[in-house]
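Residues take their numbers from the sequence shown, with the count starting at 1. Every number for a ligand or one of its atoms is a count from 1 in the order of the listing. Quick caveat: nothing in here was measured; it's all calculated off a predicted structure.
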Amino acid sequence: MNHKALFEPTQLGPYTLKNRIVFPPLTRQRSGQPGNIPTDLMAEYYRQRAGAGFMITEGTQIEPRGQGYAWTPGIYTEQHIEGWKKVTRAVHAEGGIIFAQLWHVGRVSHSALQPEESAPVAPSAIQAEQAKAFIETGPGTGTLVTPSIPRELTRSEIKDLVNLYAQAAKNAISAGFDGVEIHAANGYLVNQFISEHANQRKDEYGGSVENRLRFLDEIVQAISHAIGPDRLGVRFTPLFSSTDEDRVYIGLVESDPHKTYVEAVKILENAGVAYVSIAEADWANAPDLPEAFRREIRAIFSGRIIYAGRYTAERGARMVEEQLADLIAFGRPFIANPDLPERIAKGWAFNDLNSSTLYGGTGEGFTDYPVYNGQR
Ligand SMILES: Cc1cc2nc3c(=O)[nH]c(=O)nc-3n(C[C@H](O)[C@H](O)[C@H](O)COP(=O)(O)O)c2cc1C
């Protein structure tokens with residue numbers, strides 16, 4: 001098998017990447033308590049995976065209201081910045097390039113996670129009935145819950161949020177990150193604004209595609225101004241399906257995903273953003289992205305394009321050869337195989353994933369997956 005295409009260096013913004021293999025954002029819920037501070041163990045976990053050409057952190061909340069799951073890390077206090085420095089130093093010592101994923105869950109939260117047990121905030125007061133938040137029920141233990149009914153953001157609160165994104169981007173640079181990624185995927189706040197289901201606003205942030213993309217556009221502008229568009233990427237989940245199963249998964253199926261996400265990518269192109277990352281539907285029997293959509297994204301966007309979602313090395317290499325993708329992310333395989341790029345290059349077998357240790361816990365299933373030992 002020839003995966004050579006995955007090992008050609010490429011440029012992303014100001015950075016030269018050593019290969020096309022991406023370690024994507026993966027929530028692991030192991031930040032230090034109290035305060036959701038990145039730990040030494042997290043630094044070790046990222047260090048182990050720095051063979052990736054490009055890495056993005058797990059979703060990292062930009063403010064207290066942005067949290068929807070217990071123990072996810074933040075990037076809005078001095079302590080957070082100090083904690084993340086451990087991660088960025090460890091990755092840079094291994095020659096890695098790492099961006100922070102800036103996350104605000106919006107309505108996918110529970111009042112138990114919110115300051116003063118308030119309602120979560122969202123574009124409209126529409127509950128995310130099909131999603132789940134995760135609350136702590138004791139030290140180190142917790143449970144999935146239906147998100148609370150959110151409260152609609154005012155226009156001035158939306159402006160404040162745009163500033164919080166820009167501040168978080170500056171914090172990320174202070175923490176030593178090479179850039180940031182806006183999490184506009186998977187049904188969280190930015191995706192809620194884009195969605196005609198979650199967003200039923202009557203002002204300039206709701207209604208037309210242009211209006212629903214305004215929040216994204218303002219965040220892109222603010223972060224570009226704060227740290228430069230060449231250190232910014234954006235992640236989307238365009239969903240080309242309206243089956244019940246897909247609605248249950250994310251609840252945010254667009255009536256015209258092609259138009260919506262082509263317009264979204266045009267915003268990134270106009271701003272000069274370094275990359276767009278497309279998180280494809282990744283459950284069993286998930287709908288494929290139409291080839292015409294992939295081709296159009298390539299035609300209109302001059303930055304790097306990343307795809308993720310159940311890729312094998314073969315399929316990823318083919319996408320790069322066909323020039324539909326520049327970079328391919330491997331999520332679950334990279335959790336279980338810290339030396340994934342080397343395993344792909346040499347054709348070595350992969351470790352199996354332990355699904356029971358994905359979220360929360362200790363170093364088990366986190367930093368103890370072995371590198372290849374030649375005997376498997
Ligand atoms: C445990 C886990 C946590 C995830 N957390 C995030 C996250 O914080 N942010 C995000 O954008 N995507 C997240 N994802 C989605 C992954 O980045 C990726 O798109 C997905 O796992 C599909 O790739 P794969 O099939 O190679 O695993 C998560 C996925 C998993 C399995």
Side-chain angles (χ1 to χ4, degrees), residues 6 20-31 36 38 42 45-46 49 52 54-62 66-75 87 98-106 108-109 131-134 144 180-192 194 233-239 249-250 252 275-289 305-317 319 325 327-337 340-341 343-344 350-361 365-366 369:
L6 293 177
R20 310 295 185 104
I21 297 174
V22 176
F23 178 72
L26 293 159
T27 289
R28 305 302 308 274
Q29 292 175 277
R30 282 166 168 88
S31 67
N36 303 310
M42 286 167 61
Y45 162 77
Y46 285 102
R49 289 159 180 78
F54 183 55
M55 307 173 80
I56 307 106
T57 68
E58 60 209 277
T60 298
Q61 55 265 8
I62 62 162
Q67 184 170 14
Y69 307 84
W71 321 309
T72 57
I75 189 143
V87 172
I98 184 164
F99 279 28
Q101 191 184 46
L102 303 186
W103 194 18
H104 197 303
V105 298
V108 186
S109 185
K132 290 280 179 239
F134 183 93
L144 289 168
V180 299
E181 174 177 292
I182 300 168
H183 193 344
N186 296 352
Y188 299 114
L189 184 63
V190 181
N191 198 172
Q192 288 157 33
I194 297 172
V234 180
R235 192 169 217 219
F236 297 121
T237 352
L239 261 187
Y249 176 73
I250 201 165
L252 299 176
Y275 72 89
V276 60
S277 166
I278 308 271
E280 297 180 40
D282 59 20
W283 53 96
N285 309 318
D288 268 339
L289 280 181
I305 302 175
I306 306 177
Y307 282 99
R310 298 188 304 163
Y311 275 85
T312 58
E314 288 72 31
R315 200 168 142 247
M319 286 268 293
L327 297 152
I328 301 292
F330 300 89
R332 288 160 287 191
F334 226 138
I335 289 176
N337 297 275
L340 186 74
R343 288 185 192 234
I344 292 174
F350 290 3
N351 298 325
D352 291 333
L353 180 76
N354 178 356
S355 311
S356 72
T357 49
L358 284 175
Y359 303 107
F366 191 49
Y369 282 107

Ligand-side contact atoms (ligand 1) for residue partner Phe330, heavy atom cut-off under 4.0 Å: 26 (O)
Among the heavy atoms of Pro333, does any lie under 4.0 Å from an atom of ligand 1? yes
If I take atom CZ from residue Arg20 and atom CG from residue Leu6, how far apart are they, to the nearest 0.5 angstrom? 8.5 Å
Could you grab the distance from atom OG1 of Thr72 to atom CD of Glu58, nearest 0.5 Å is fine? 8.0 Å
Side-chain touch Phe350/Ile344, heavy atoms, less than 4.5 angstrom: yes
shortest atom 29 (C) of ligand 1-to-protein heavy-atom contact is with Leu26 CD2, 3.6 Å
What's the shortest distance from atom 26 (O) of ligand 1 to any protein heavy atom, and which residue and atom give it? Gly331 N, 2.8 Å
Any N/O of Arg310 closer than 3.5 Å to an N/O of ligand 1? yes
Answer whether the closest heavy-atom distance between the side chains of Leu353 and Arg332 falls below 4.5 Å. yes
Less than 4.5 Å apart, side chain to side chain, heavy atoms only: is that true for Tyr369 and Asn354? yes
Heavy atom under 4.0 Å from ligand 1: found in His183's side chain, backbone, both, or neither? side chain
Pull out every atom of ligand 1 sitting under 4.0 Å from any heavy atom of Pro24, numbered as shown with elements. 17 (O)
Among protein heavy atoms, which sits nearest to atom 6 (C) of ligand 1, and what does the distance come to when rounded to 0.1 Å? Pro25 O, 3.1 Å
Between atom CH2 of Trp71 and atom CG of Asn36, what is the distance when rounded to the nearest 0.5 Å? 10.5 Å
On the ring face of Tyr45, is Arg30 found with NZ or CZ under 6.0 Å from the centre and within 45° of the axis? no
If you have a sec, work out which protein heavy atom is nearest atom 9 (N) of ligand 1 and how many Å separate them, to one decimal? Gln101 OE1, 2.9 Å
Hey, are the side chains of Tyr359 and Arg28 touching, using non-hydrogen atoms and a 4.5 Å cut-off? no
For ligand 1, is there an atom lying under 4.0 Å from some heavy atom of Tyr359? yes
If you scan protein heavy atoms around atom 3 (C) of ligand 1, the nearest is Thr27 N, 3.2 Å
Interfacing atoms of ligand 1 (cut-off 4.0 Å, heavy-atom, Gly59): 8 (O)
Taking the six-membered ring for Trp, are Tyr275 and Phe99 parallel (under 30°), tilted (30 to 60°) or perpendicular (over 60°)? tilted
Out of all atoms in ligand 1, which are within 4.0 Å of some heavy atom of Gly309? Include the element for each. 22 (C), 23 (O), 25 (O)
Distance to 0.1 Å, residue and atom name: give those for the protein heavy atom nearest to atom 31 (C) of ligand 1. Arg332 CG, 3.7 Å
By side-chain hydrogen bond (donor to acceptor under 3.5 Å, both in side chains), which residues pair with Glu280, not counting sequence neighbours? Arg294, Tyr311
Around atom 10 (C) of ligand 1, find the nearest protein heavy atom and jot down its residue, atom name and distance. Arg235 NH1, 3.2 Å
To check your reading of the model: name the closest protein heavy atom to atom 20 (C) of ligand 1, its residue, and the distance in Å. Asp282 OD2, 3.2 Å
